[in-house]
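Below: the structure, in structure tokens.
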Amino acid sequence: MKIATWNVNSVLARLPQVTKWLDAANPDVLCMQETKCIDEKFPADEFSRLGYRSESFGQAAYNGVAILSRTDFQHVHRGMPDDEDGAQSRLIAATIDGIRIVNVYIPNGQAIGAERYYFKLEWLRRLRAFFESHYLPGEKVLLCGDFNVAPEDRDVHDPMLWRGRIHFSEPEKEALTYVKDWGFVDAFRMHNSEEKQYSWWDYRAGAFRRNLGLRIDHVWITEPLAKESLSVVIDKEPRRWEKPSDHAPVIAEFK
DNA sequence: ATGGTAGATACTCTA
């Protein structure tokens, strides 16, 4: 069972790369973020031809999440229950093969102290409350997506440069730890302890070529799933292709 | 030196 997460930065602009990657990597499940596409325009037919069912929770221009699966979806939920009307599309959940999969696009935060920064911190507090009220850490729960936070120094190409900046500030790391402490382990770090393992590189200034990135895309799992975790890899290959997303897919394999 | 690129939308915002 292979479950992948990938911020595709527009599913319509990235359709050739996403379908090429699905052919090559053949995951059972792909969680996408920043689809930037309303549900009516989601390219479900193209994914269906490749053998994937899909569930989309999109909006125009910004945000948007979706899940592709080779097998049936159960209990699909869009957004958090306490979302206001017209809230941004940032969470979609579904049960696939007995695993509760929660796919999130955590807010970027823009800059320390900005209105969007406090929105991000509050969104993380609500995410923890969402797990408290809906699931148990003893169940098979997988939280994945673009978290927009690099948790540790080894997840940042230059910790001194990034200290106190967006994606790496202490309040963001604390808010993310609060979610994790509900009952998750970082599946990638179960299998990989090296530094310089990034999942995102800025489009600008040759960041990818120089490997100046951040590890902000994550797969977190509860204890029952940790027992079945075989590997987690970041696939940098599609970041080298023409017109790439600025993020690379992360693939978790389970027994 | 606060640069640089990319996507969606509509002549700018977000990341």
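Lettering of chains follows the sequences in order, A, B, ..., and the numbering in each one begins at 1. FYI, side chains are in, hydrogens and waters are out, and symmetry mates aren't considered; it's all heavy atoms of this structure.
Closest to the side chain of A:R204, out of B:dT5, B:dT9, B:dA8, is B:dT5. Relative to the side chain of A:R116, the nucleotides B:dT9, B:dC13, B:dA8 differ in distance, and B:dC13 lies closest. Counting only heavy atoms from C-beta on, A:A13 has its side chain closest to B:dG7 among B:dG7, B:dT9, B:dT14. Considering only the side chain of A:N108, B:dA15 comes nearest among B:dA15, B:dT9, B:dT14. In the set B:dT5, B:dA8, B:dT14, the nucleotide with an atom closest to the side chain of A:Y203 is B:dT5. Nearest nucleotide to the side chain of A:K36, out of B:dA6, B:dT9, B:dA8: B:dA8. Side-chain atoms of A:R90 lie closest to B:dA15 of the nucleotides B:dA15, B:dC13, B:dA6.
Between A:D83 and A:R126 a salt bridge is recorded (basic side-chain N to carboxylate O distance below 4.0 Å). A salt bridge links A:R215 to A:D186: at least one charged side-chain nitrogen sits closer than 4.0 Å to a carboxylate oxygen.
Between A:F184 and A:W182, the distance from one ring center to the other falls under 6.0 angstrom.
Separating the CD atom of A:E34 from the C1' atom of B:dT14 is a distance of 8 Å, rounded to the nearest angstrom. The separation between A:L161 atom CG and B:dG3 atom C1' is 14 Å, rounded to whole Å. One interatomic measurement links the two molecules: CG of A:D217 to C1' of B:dA15, which rounds to 13 Å at whole-angstrom precision. At whole-Å resolution of the value, CD in A:E172 and C1' in B:dA15 are 14 Å apart. The separation between A:W200 atom CH2 and B:dT5 atom C1' is 11 Å, rounded to whole Å. The nearest whole Å value for the distance from the CH2 atom in A:W162 to the P atom in B:dT2 is 18 Å. B:dG4 atom P lies 12 Å from atom CG of A:D202, rounded to whole Å. As a whole-Å value, the separation of A:Q59 CD from B:dA15 P is 10 Å.
Where pairing requires Watson-Crick or G-U contacts shorter than 3.5 Å, the helical stems of DNA chain B with at least three consecutive pairs are B:5-8 with B:12-15.
A:W21 contributes atom CH2, which lies 6.5 Å from atom CG of A:D235 (distance to the nearest 0.5 angstrom). From A:N148, atom CG reaches atom CD1 of A:I216 across 5.0 Å, with rounding to the nearest 0.5 Å.
Atom name C1', nucleotides B:dA15 and B:dG4: the rounded distance is 13 Å, in whole Å. Rounded to whole Å, the separation between the P atoms of B:dG3 and B:dT9 comes to 26 Å. Here the separation of B:dA10 from B:dT14, taken at their P atoms, is 14 Å to the nearest Å.
Note on ring orientation: taking the six-membered ring where Trp is involved, the planes of A:W162 and A:H157 are perpendicular (angle over 60°, cut-offs 30° and 60°).
When heavy atoms are screened at a 4.0 angstrom cut-off, A:F208 is found touching no nucleic acid atom at all. At a threshold of 4.0 angstrom between heavy atoms, the contacts of A:A207 with the nucleic acid are absent.
Comparing A:N63 and A:V11 against DNA chain B, the residue whose closest nucleotide sits nearer the 5' end is A:V11. Between A:Q110 and A:T35, the residue anchored nearer the 5' end of DNA chain B, judged by the nucleotide with its closest heavy atom, is A:T35.
For A:F47, the ring-ring contact (aromatic ring centres under 6.0 Å, His included) partners at least two apart in sequence or on another chain are A:F42.
Test A:N7, A:I92, A:I67 against A:C31 for side chain to side chain contact (heavy atoms under 4.5 Å, CB included) and you get one pass: A:I67.
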